[in-house]
Amino acid sequence: MKNIVNSNKNHRHSGLKCAVAILLGYVITVILPGCSKVLDKTDLNAFNENQVFNDSLLARGYVDYIYDQNSPGWPSGDWLKVTDEIAGETPYFDGSLQVGKVADYGTSTDANTVWGKFRTINQFIEKMDKSTLSPAYKARLVAQVKFFRAYRYFELIKLYGGVPILLNVQDGIGQAAKDASELPRNKTSECVAQIVKDLDDAIAGLPGKWDDGDDWGRITSGAAAALKGRVLLYWASPQFNPNDLQDRWKAAYDANKQAMDLLTANGYGLNPDFQNMWFKEVDNPEAVWSVGYNNQTADQLKKNDGWDNSTRPAYLGTGGGSNQPVWQIVNAFPMKDGKKIDDPTGEFTYNPQLFYKNRDPRFDATIAYNGCTWSINGNEKYRLWTYFVGSKSAEPKSSSSTGFYCRKAIDPKVGISDVQFVGTDWMEIRFAEVVLNLAESAIGINKLPEGYEGIEQIRERAGIEAGSDGLYGLKSGMDRTELFKAALYERQIEFAFEGKRYWDMRRWKLFEPTLNGTSRTGVKISLNTSLISGPDMEAQRDTMDLDELYTKYFTFKNQDLDTKFLINWQSNYYFFPLPQQAIDNDPLLLQTKGWNDGTFDPLQ
């Protein structure tokens, strides 16, 4: 299974790799490449369910398959474009979203759809109840599987609100079975309660840390608690909690406090190296829930992360140089005293011509800009150039459309030929998120000093100056509303390009007040050839002072990236419609309010 890794540092993620194909009915085909030679002597196509669910290795292989089916990965697609981090055409921002566009709900029981995944999960839980394996072993496997059932339901309610709760395997043959499979949508509150129950079971049944190196990457009790904290923080946020019910904030606080206590007791914490934490796999204190990738090249075990190669400049890899930061996120980073660039109380004065100077250290760890020194492809002194000479870019391949590249989690050591096989692991939940989830929920119940403390911890790790007041650039005496904004701002910077911004804007309903009516922009940096020619610049630029280059030789021009529309997020997008095919398949399903005369209220 490709998400569970061993501790062999020379052959990353080369431990147990299992795929279990679940067939409707009772026959299960098991494929276990790379497992023991004893199994290699067996006809693996002939296993029946008694063998699978009563054999410790095969049962574990089934669980590994569930990991592989359900684990999230590096961010990509629309949920990155629907932010103020990168640009791109999307119906979510041009106001043209139609019923059926958001297809995460699924309309079939194929193993790769969400309902097929639920069937796989529920089948394992049911079969373990009658398994002859030891109770302790079964309990630990089931705890992991319940975690993923909770995660799968959470991913649905974030988009749609309440969905049918299905906790058993349905029959697939006959009219009676079809009739029984027609289920109404449960209330969102009922779904949240079921998610919390599954996660509580996972917390109780999982270790705080796995002792065997081959279990690196498996879910721990702390990871389950952290997901519970995330779920209840969403449930307390304005998307789901427009009336600001305090019991929800209290539940979120308690859950995140439990996660913090479990994690710290087991050695988790902030990695002191913000920039390079992605490249520390074993014993990385930041990695609360980590999904493993590998650098294998040409066999069935290959699982490369894709993010690195697609994100770096095209000529420094084999990808396309996507995920380019827009000017809005470039300007969002504070100065190194923690003050925003337009804050008159700051120690440092922001100069848009020298935008890179005196910024929060996370700026240089996240944004690659024209003239910056970027340790990449094994060259610690490489300088990136994205300027234009007339209409010709200084980049040897396709140029950046924004003037910038994202450098977060880009491995500095791999060479060009190996970039396509990078195996950097994905941290779905970092310890920093637990810190900020706890801080935000503390603010929610008016524990404002605790909210301050959490934000300050993140800023201290980032390298922001403490200042004479020890507040790391935070305004003193903020009230609840101001401190909420400060917490969300910290998340915007800390988790930039990690796929979190969209969900934060969604749960806080920030799209209309923040982005509507605007266009995301980039910059075109041009060389003033009347002062220095193109060839002369190429010969000198790597040794020239960057401030001098920007002051004397470069000119800026902002350019709109959303040329066909101004951002027009609609208020009904906070809860998406179910696909019409799903409603046709199940007439008991009600459409979401705000879509085609829908009557289902996702706030209940």
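The figures that follow rest on heavy atoms only: side chains count, while hydrogens, waters and symmetry mates do not. Quick note: residue numbers are just sequence positions, from 1.
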> For the residue pair V434 and A226, what are the closest heavy atoms and their distance?
Replying inline: CG2-CB, 3.9 Å
> Closest heavy-atom contact between D547 and L354?
Replying inline: O-CD2, 4.0 Å
> Centroid-to-centroid, F404 to Y356, below 6.0 Å?
Replying inline: no
> Are E494 and R430 within salt-bridge range, i.e. N to O under 4.0 Å?
Replying inline: yes
> Is R520 salt-bridged to D562, going by a charged N under 4.0 Å from an acidic O?
Replying inline: yes
> Can you name the closest pair of heavy atoms from G451 and A442 and give their distance?
Replying inline: N-CB, 4.2 Å
> Does R480 offer a backbone N or O that forms a donor-acceptor pair with the side chain of E482 under 3.5 Å?
Replying inline: no
> Which word best sums up how the rings of Y160 and Y105 line up, parallel for under 30°, tilted for 30 to 60°, or perpendicular for over 60°?
Replying inline: perpendicular
>> Give me the atom names and distance for the closest heavy-atom approach of F497 to N323.
In response: CE2-O, 4.0 Å
> Under 4.0 Å between a Lys/Arg side-chain N and an Asp/Glu carboxylate O for E498 and K408?
Replying inline: yes
> Looking only at heavy atoms, which two atoms of A223 and W289 are closest? And how far apart?
Replying inline: CB-CB, 4.4 Å
>> Would F511 and Y573 count as a ring pair (Phe, Tyr, Trp, His ring centres under 6.0 Å) here? Give the steps.
In response: CA-CA 10 Å; F511 288 107; Y573 291 3; 9.1 Å; no
>> I want to check a possible cation-pi pair here: K158 against W503, using under 6.0 Å from ring centre and within 45° of the ring axis as the test.
In response: yes
> Quick one: side-chain hydrogen bond (donor to acceptor under 3.5 Å, both in side chains) pairs with a partner in residues 449-458, sequence neighbours left out?
Replying inline: Y253-E450
>> Give me the atom names and distance for the closest heavy-atom approach of D198 to A150.
In response: CB-CB, 3.9 Å
> Can the positive tip of K101 be found less than 6.0 Å from the middle of the six-membered ring of F576, inside 45° of the ring normal?
Replying inline: no
> Can R491 be said to sit on top of Y502's aromatic six-ring, NZ or CZ under 6.0 Å from centre and within 45° of the ring axis?
Replying inline: no
> Who are the ring pair (Phe, Tyr, Trp, His ring centres under 6.0 Å) partners of Y405, not counting sequence neighbours?
Replying inline: none
>> Check D283 with K280, please: is the shortest side-chain N to carboxylate O separation under 4.0 Å?
In response: no
